[in-house]
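Below is one structure; the comments refer to it alone.
A, B, ... follow the sequence lines: proteins, then strands. Residue 1 opens every chain. Since we're looking at a predicted model, the values are computed, not measured.
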Protein chains: 2
Amino acid sequence: MPARKQTKAPPVMAEADIAIVRIAPETSFKNKAYEALKEAILKMDIYATPEQVMLDERALSERLGVSRTPIREAIAMLEQDGFVKTVPRRGIVVVRRTKTEIVDMIRAWAALESMAARLITTTARKKDITALRDFFKDFGKDRLPQDHVEEYSKANIAFHQALISLSESPVLVDMTNDILLHVRGYRQLTIGRKDRTATSLPEHLAIIEALEARDTELAEKRARDHTLGLAAYVEAHGQELFS
Amino acid sequence: MPARKQTKAPPVMAEADIAIVRIAPETSFKNKAYEALKEAILKMDIYATPEQVMLDERALSERLGVSRTPIREAIAMLEQDGFVKTVPRRGIVVVRRTKTEIVDMIRAWAALESMAARLITTTARKKDITALRDFFKDFGKDRLPQDHVEEYSKANIAFHQALISLSESPVLVDMTNDILLHVRGYRQLTIGRKDRTATSLPEHLAIIEALEARDTELAEKRARDHTLGLAAYVEAHGQELFS
DNA sequence: ATCTGATCTCTGGCATACCAAATGCCATAA
DNA sequence: TTATGGCATTTGGTATGCCAGAGATCAGAT
């Protein structure tokens with residue numbers, strides 16, 4: 001049997017505890033392009049422009065100062081995300097979802113969030129649950145959400161993301177984030193509506209209460225019904241948004 | 001007012017009803033490579049091999065007979081799916097999920113499936129719901145699932161997919177399919193276990209009954225609890241699968 | 001025999017060139 | 001004026017080639 005090379009305890013020097021942080025991985029152009037394009041697509045308010053939005057590989061590569069290769073890889077990733085659709089020899093089109101698709105996504109969101117609520121009742125710490133109220137501390141009887149729609153809208157999203165995070169389930173977090181990215185596009189035009197905003201805050205507080213009470217079934221139900229309510233709202237009032 | 005060009009009835013010739021079928025879109029090498037690699041990864045039984053499985057761009061391009069470009073694009077897509085992770089200058093590694101991640105995924109699956117069940121009680125047709133029983137028509141008191149684990153396992157997956165499909169929600173269908181692809185890898189080693197298989201069939205039938213009764217809450221609960229049961233099972237007995 | 005480091009090799013990242021199909025423009029014929 | 005056919009252009013698809021960093025290898029010094 002050949003001598004096995006000693007692999008244990010070879011520390012010649014104390015491996016100085018200088019905070020070595022694994023150096024910067026320097027993200028590739030591919031990833032930079034992906035992030036840049038994703039952000040650009042998300043902020044372009046797709047549902048506001050009447051005609052189809054197209055992307056051009058060569059134009060993008062010039063704009064970003066890199067060759068087409070990393071751009072194409074980024075496009076391929078975005079296509080997996082469902083943000084764009086490339087048509088051979090025709091172009092790359094930014095996908096517009098129909099109202100039905102959006103409602104569908106919101107329902108999935110409701111499913112995931114209600115599961116998060118369920119998990120939270122059994123694992124989250126009391127203080128973390130209570131901290132969820134802070135997102136709405138700037139609103140109350142003397143400062144109604146419906147009078148500060150834009151601000152409330154941001155608090156609303158932040159609340160939902162914080163809620164899901166409390167589940168400590170990476171999968172639930174990632175999936176809902178993906179959905180939010182798709183839904184966010186016209187969120188300003190729907191969730192922002194005053195009539196719905198008014199009922200939103202009380203529902204959120206009710207969810208928090210159920211979580212604090214560790215009432216699994218009730219928390220799940222409230223979380224689900226709250227988001228399903230949004231789905232129903234969009235289904236009923238979102239018609240005008242989709243030409 | 002300028003004369004509007006006549007767009008109606010310009011048929012110069014009868015547009016011969018020769019069966020023109022829109023020709024074949026001939027999927028690109030990029031997509032072919034994506035499908036090929038995905039299938040290869042799914043059937044390689046990742047959790048069976050002890051050492052990390054690596055992929056090599058050049059080797060793959062030779063094997064598939066195409067250049068590296070479409071291969072790289074396919075890899076980028078697979079990375080978005082979470083099947084592989086490319087490490088610069090090191091290689092492309094096929095991702096192995098931890099037990100915790102798998103349990104987490106199954107919980108998300110439970111959330112989505114319970115929402116599907118909920119929707120089904122309000123929209124699906126009676127005959128379609130009843131048809132779900134067909135997946136298990138080959139099993140019964142005289143032919144127990146636990147005695148034909150492999151066969152039952154396939155029926156099991158088919159049942160769940162058919163169930164979700166009945167919700168007529170493309171989003172729920174796609175998301176659960178994605179999850180199933182990740183979970184399927186070691187499914188054979190867990191769901192296949194006899195002790196769990198025995199309780200599976202009755203639970204499935206109970207779900208179908210609730211759906212037929214149009215009992216939204218009950219159907220949702222049964223669907224959720226059934227899949228959460230699998231999650232709990234994996235969490236408790238799946239330890240040995242993850243080295 | 002072991003440690004050091006120069007070098008060779010392997011691997012993904014990126015740039016570039018060329019291809020082919022889908023369009024659009026435009027000269028030309030009816 | 002209008003319909004038609006062909007050519008130039010546009011756009012994504014694919015193939016190649018070179019680069020740089022991370023390891024592995026191996027010779028030389030201690």
Do B:Ser28 and D:dT14 share a donor-acceptor pair, side chain to base, under 3.5 Å? no

Starting at CD of A:Glu79 and ending at C1' of D:dG12, how long is that distance when rounded to a whole Å? 11 Å

In whole angstrom, what separates A:Asp56's CG from C:dA22's C1'? 15 Å

Relative to the ring of A:His226, is the ring of A:His160 parallel (under 30°), tilted (30 to 60°) or perpendicular (over 60°)? parallel

The single option from A:Leu42, A:Ile75, A:Val95, A:Leu37 that satisfies side chain to side chain contact (heavy atoms under 4.5 Å, CB included) with A:Phe83 is A:Leu42

Could you please name the option among D:dA15, D:dT14, D:dG12 that lies closest to any side-chain atom of B:Val66? D:dA15

Report the residue (A:Val87 or A:Thr69) whose heavy-atom-nearest nucleotide on DNA chain D is the more 5′ of the two. A:Val87

Taking the minimum atom-to-atom distance to the side chain of B:Phe29, which one of D:dA15, C:dA15, C:dG12 wins? D:dA15

Does a nitrogen or oxygen in the side chain of B:Arg90 sit under 4.0 Å from OP1 or OP2 of D:dG23? yes

To the side chain of A:Ile92, which of D:dG12, D:dG17, C:dA15 is closest? D:dG12

Sorted by position of nearest nucleotide on DNA chain C, 5' first, the leading residue of A:Arg89 and A:Arg58 is A:Arg58

What is the separation between atom CE on A:Met54 and atom C1' on D:dG12, rounded to the nearest whole Å? 11 Å

How close or far is atom C1' of C:dG12 from atom CD of A:Glu73, stated in whole angstroms? 10 Å

Integer-rounded Å distance: C:dC14 C1' and A:Tyr34 OH: 20 Å

With heavy atoms under 4.0 Å as the rule, sort B:Leu55 into base, sugar-phosphate or nothing. sugar-phosphate

Distance from B:Lys30 atom NZ to A:Glu79 atom CD, nearest 0.5 Å? 5.0 Å

Note: A:Glu39-A:Lys43 ion pair, threshold 4.0 Å (strictly below): yes

